[in-house]
Amino acid sequence: MPKVELHCHLELAIRQSTLREFAGISGLNLSTNEAFSEAFLIQEPMGELKSVLHKFLNTRNVIKQEDWMERVAFEACEDMYLLSNVRILELRYAPSFLLDHHHHMKADRLQEAILRGVQRAEQLYPIAVGLICILQRTKSVEENKKWVDFALQPENQFIGLDLADNEVDFDPEPFVPLFHKAKNQGLGITVHAGEPNVPGISRNIRTAIEQMGADRIGHGLQAVEDPDVMSLLRKRKIPLELCPTSNVLTGACNSIGTHPFKSLLDAGVQVTINTDDPGIMCTSLIKEYHLLSKAFGIDLKSFENCNAWALDASFITSTKKKSIWNKRFESKPS
Ligand SMILES: [Zn+2]
């Protein structure tokens, strides 16, 4: 089945063999598989999102050259197509996060490298790829202003803006004007909201929709706690970008069996299926489909609906989407 992936963090989609190579160049002693897993991979629930976010830093820290992101981007697209038959792909990253640890790196060169990787993949495979710029809620409004301007520069070719990181301790409200500016200038808006298992957190979904102009919600699985939030999602036809494996590993839900995917689907909320961090969390989009099929008996028709919602909600231009999606029945190279 041809698929749409909307929620994937570029640097955390890094191919594991590539990550190992980068870590080796950094001089990390990773002679055993255990040492590599311990340093980079998240394979068991980690209790809370904050500790997971901390583990992401290790991957970020070994990406030491702008040019290396060309390879990361190309391989992320290639893996999406070859492993899961993804035809419409949105990748997201926070320039502030990647650059924080590497003061010699520059945002323009980073973006150019990523675009080269994406374009190479688009030439080789029938896949349409778009990039989303992430703002970190842990950074000041002042600093994020700079990144919104970066996201709006036409040569950088971003299609959307996102807000990510710890939503328990950092409220979204201060960033509202930045999202208005981005939306007014044509960027699609998606916001990480209602992700961790913290009572009352679904209020961030409401803020994202009513104040920030969100077209989609990153995760948003805690919408199940509030019927009013679910009805808002239904009424506005705002899709949730659900990431089942990630939601279990970050402790957003206790197990795949208690994931609210099916409840949300049955309640008429538009749910989409995504990987979040496939490299680091050892998953792929096809694995997420298998997981949901096994846990809830989701059938082909429902999966097709999820893809139709995702296709419609993708920020990639409709001309580009159509040209690729209409070719979707061409067979995939084995
Ligand atoms: Zn995410």
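Read the numbers this way: they start at 1 and go in the same order the structure lists the ligands and their atoms. Count residues from 1 along the sequence.
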When you measure from the side chain of Lys139 to the backbone of Ser96, do you find a donor-acceptor pair of N or O atoms at a distance under 3.5 Å?
no

Whether Glu195 has an N, O or S atom under 2.8 Å from the Zn ion (ligand 1)
no

From the N, O or S atoms in His192, identify the one nearest to the Zn ion (ligand 1).
NE2

Name, closest N/O/S atom of Asp276 to the Zn ion (ligand 1):
OD1

Given the Zn ion (ligand 1) as the apex, I'd like the angle to NE2 of His7 and NE2 of His9, rounded to 10 degrees.
100°

Compute both the distance and the angle, then confirm whether Arg137 meets the cation-pi test with Phe175: under 6.0 Å from the six-membered ring centre, within 45 degrees of the axis.
no

Per the side-chain contact (heavy atoms from CB on, under 4.5 Å) rule, which among Arg116, Glu112, Met105 passes with Asp67?
Arg116

May I ask you to check whether Phe40 and Phe36 place their ring centres under 6.0 Å from each other?
yes

